[in-house]
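Throughout, a chain's letter reflects where its sequence line sits, starting with A, and its residues are numbered from 1. Excluded from the calculations below are hydrogen atoms, water molecules and symmetry mates; all remaining heavy atoms, backbone and side chain alike, are included.
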Amino acid sequence: MTGQQPSQTGRDVGMHEAARREKLSKLEALGVDPWGGRFDDHQAIDKIRQREAEIVTSPPLADDPRQQPQQTGPRVRAAGRVVLQRKKGKLIFLDLQDWSGRIQVMIGQNQVGQQNWEVALLFDLGDMIGVDGELKRTRTGELTIFAEQLHFLTKSILPPPEKHHGLTDPELRQRMRYLDLVHSDGAMERFLKRTKIVQSIRRTLDAEGYVEIEGPTLHTIAGGAAARPFATHHNALNMPLFMRIALELHLKRLLVGGVERVYELGRVYRNEGISPRHNPEFTMLEVYQAYGNYETMMDLTERIILDAIAATGQPQQLSWGDATIDFTPPFARKTYDELFAEHTGIEPDDHAAICRLAEQIGFDTSAKHPDVVKNEVFEEKVEDALSGPLFVLDYPASICPLTKRARGRPEIAERFELFIQGMEVANAYTELNDPDLQEQLFRTQLEGQKEEDSMAKMDDDFIRALRHGMPPAGGLGVGIDRLVMLLTNMSSIREVILFPLLRPESEH
RNA sequence: GAGGCUGUAGCUCAGUCGGUAGAGCAACGGACUUUUAAUCCGUAGGUCCAGGGUUCGAGUCCCUGCAGCCUCACCA
């Protein structure tokens, strides 16, 4: 940016900003507030477009020299941003955009009067204006508001992106999401679709009698998942605190408290790497139902997803990149061991063969619990290949410290994960409610697992709650951002999070 | 954390073999009352991401750093 004129704050401004600030002064000289104010009773542009049918066309008057058909249309009022502008002598055509759509506005010097015209000459791309006028069609058939009165609502003193290409640099689109929303095709729709999905999930759960609660986000023990937490500190209590990594343990305390159907849909924080599928903060749904089990949760998961698809107005077959995902229920269900054998050709209980394969892949198998090795192989060989939607059932119990064991099969945990396009979208258990077993599992770290890598973190307060009696229950977790990715055909989580974490902008 | 790619005008992008920094849009001045990525005439606009090195000479080659994207790792 080249310094040409200092702004009021002393900052150097470029030629674009200088030109816009000059127009701002001219607006003030005309008695127009460049920052606008309340503007009532405008209609959404997509609603205005729907009124096209109200336009009445009659034959041209005989003495009309240009033989134009006579049109009478409804009077409309719109507000939005000027995104394209064509100044043509004593006519100005501009495209006005609000969050529902775009419409052309025509301003004629002789039609709007001198004051309006002088204001209109000061319009820049990006300015926000209000328009009163008649909805008609131009000679070329374009639906247009023929302006009668203009209202200046806000000056934009920085230039918008290039009008045809918009912003393409993903860094700029994420840093300046406001510009992305205005100028990138599909950006606004995508984030509004995310809102619809989240609304739909709440509606589905509310309708089935689940109550939404708000648990603490500051935890003294960051439990309920295997992840490193963000550490923080409370000054007055002089106490270390952690941002929550899961919602689980407080929701289960509420099961103890008699809240029989409960959920939380909110943000969790994990101090881990960033990737197209991982953001340090992300949105998680967890649902618990007293007297249910993981099969109850499987059915619920299907209903939540199918309702969300319907809420976005999409069919049950969705394209995702080059692939098509078929959400027609019921989703396939296969056991962990079944899939393990299918994809590795090794019997799930042949530990020696599993270790050989693990070492072939390059895993260190020494001093590791057999199920940890097996699961590493599973994640490597099976998970990425699961196009889904597929429920993977019945995990090795030893890697599931918060899950109830299958009746008569203590080596199996009643757990499922839902895989779609290689992504883990949901994870559910029949919840472990035996306080003694839970305490023992918290105490016993599996060999080869660092404490921070384990879901088993001792939480005495939680154990005490279990001793008071937690009903047998089903519990479900859903990664909302990933679900939104799948339902909006986005391959990066950063495209479904409004403001993903970025490093600070460099000075250079 | 590792590897690959990218970084040039407000935006989108060219820039050949190392030899004076380019275009389109946007901006500024002018023409134009049915345009629509308006058109036409003219003008202005640069810390080539930052720092170092090689060279007579670096946007271009080399090194270091910063940021983003992709792949991998961790993880959901």
Could you check whether A/L84 gets within reach of a base, just the sugar-phosphate, or nothing at all, counting any heavy atom under 4.0 Å? sugar-phosphate
A/G108 near the nucleic acid: base, sugar-phosphate alone, or nothing, with a heavy-atom cut-off under 4.0 Å? nothing
Evaluate the side-chain proximity of A/C400 to A/E414: yes if any heavy-atom separation is below 4.5 Å, no if none is. no
Touch class at under 4.0 angstrom, heavy-atom based, for A/I274 against every strand present: base
For B/U47, the Watson-Crick or wobble partner whose two distances fall under 3.5 Å: none
Give the rounded distance in Å between these two atoms: CZ of A/R173 and C1' of B/U6. 15 Å
Would you mind checking if A/E302 and A/R333 are paired as a salt bridge, meaning a charged N to carboxylate O distance below 4.0 Å? yes
Evaluation steps, side-chain contact (heavy atoms from CB on, under 4.5 Å), between A/R194 and A/I497: CA-CA 9 Å; A/R194 178 179 175 129; A/I497 292 175; 4.1 Å; yes
Among B/U34, B/C11, B/A76, the one nearest A/L91 by side-chain distance: B/U34
The side chain of A/E424 lies closest to which of these nucleotides: B/G68, B/A76, B/C11? B/A76
Got a list of protein N/O to nucleotides 27-29 of chain B N/O distances below 3.5 Å?
| residue | atom | partner | partner atom | Å |
| --- | --- | --- | --- | --- |
| B/C28 | OP1 | A/K23 | NZ | 2.7 |

Is A/R49 salt-bridged to A/D46, cutoff N-O under 4.0 Å? no
Check: protein-nucleotides 39-42 of chain B nitrogen or oxygen pairs below 3.5 Å:
none

OP1 or OP2 of B/G68 sitting under 4.0 Å from any side-chain N/O of A/R503? yes
Would you mind checking if A/K26 and A/E118 are paired as a salt bridge, meaning a charged N to carboxylate O distance below 4.0 Å? no
N/O (side chain, A/Q104) to phosphate O (OP1/OP2, B/U34) under 4.0 Å: no
Closest nucleotide of RNA chain B for A/D481 versus for A/M106: which of these residues is on the 5' side? A/M106
Sugar-phosphate, base or nothing in reach of A/G477, heavy atoms under 4.0 Å: nothing
In plain terms, say whether A/E52 and A/R137 are close enough for a salt bridge, that is, a side-chain N and a carboxylate O under 4.0 Å apart. yes
Among B/G68, B/C11, B/U35, the nucleotide that comes nearest once only the side chain of A/L502 is considered: B/G68
Side chain proximity check, A/T72 to A/E134, heavy atoms < 4.5 angstrom: yes
Taking B/C69, B/A73, B/C11 as options, the one with an atom nearest any side-chain atom of A/E162 is B/C11
Could you check whether any side-chain heavy atom of A/I304 comes within less than 4.5 Å of a side-chain heavy atom of A/L476, counting everything from C-beta outward? yes
Pairing partner (Watson-Crick or G-U wobble, both distances under 3.5 angstrom) of B/G57: none
Which listed nucleotide (B/U35, B/A76, B/G10) is nearest to the side chain of A/P159? B/G10
Just wondering, do A/F282 and B/A76 stack (centres under 5.5 Å, planes under 30°)? yes
Quick one: is A/R277 getting a side-chain N or O under 4.0 Å of the B/A76 phosphate, OP1 or OP2? no
Ignoring hydrogens and angles, does a donor from either the side chain of A/E142 or the base of B/U35 sit under 3.5 Å from an acceptor on the other? no
Roughly how many Å is it from CZ in A/R175 to C1' in B/C69, rounded to a whole number? 13 Å
Does any donor-acceptor pair link the side chain of A/T168 with the base of B/U12 at a separation under 3.5 Å? no
Flag the pair A/E495 and A/R177 as a salt bridge only when some basic side-chain nitrogen lies within less than 4.0 angstrom of an acidic carboxylate oxygen. yes
Complementary nucleotide for B/C25 - Watson-Crick or wobble, under 3.5 Å: B/G10
Check whether the side chain of A/R86 and the base of B/U35 form a donor-acceptor pair under 3.5 Å. yes
Rounded distance in Å - CD1 (A/I497) to C1' (B/A76): 12 Å
Using a cut-off of 4.0 Å on non-hydrogen atoms, how would the nucleic acid contact of A/L94 be classed: base, sugar-phosphate, or nothing? nothing
What nucleotide among B/C74, B/C11, B/C70 has an atom nearest to a side-chain atom of A/P276? B/C70
For atom CZ of A/R137 and atom P of B/U34, their distance in whole Å: 19 Å
Would you mind classifying the nucleic acid contact of A/N279 as base, sugar-phosphate or nothing, using non-hydrogen atoms under 4.0 angstrom? base
Please report the shortest heavy-atom distance between A/Q174 and A/F499, naming the atom on each side. O-CD2, 4.3 Å
Taking OP1 and OP2 of B/G68, is either one under 4.0 Å from a side-chain nitrogen or oxygen of A/R494? no
Side chain proximity check, A/V268 to A/F282, heavy atoms < 4.5 angstrom: yes
Checking contacts here: which listed nucleotide (B/U12, B/U35, B/A73) is nearest the side-chain heavy atoms of A/T144? B/U35
Does a nitrogen or oxygen in the side chain of A/K90 sit under 4.0 Å from OP1 or OP2 of B/C32? no
Have a look at A/Q174 and say if it touches a base, only the backbone sugar-phosphate, or nothing, with a 4.0 Å heavy-atom cut-off. sugar-phosphate
Mate of B/G1 across any strand shown (Watson-Crick or G-U wobble, both atom pairs under 3.5 Å) is B/C72
Heavy-atom check, side chain of A/P216 versus side chain of A/H250, under 4.5 Å: yes
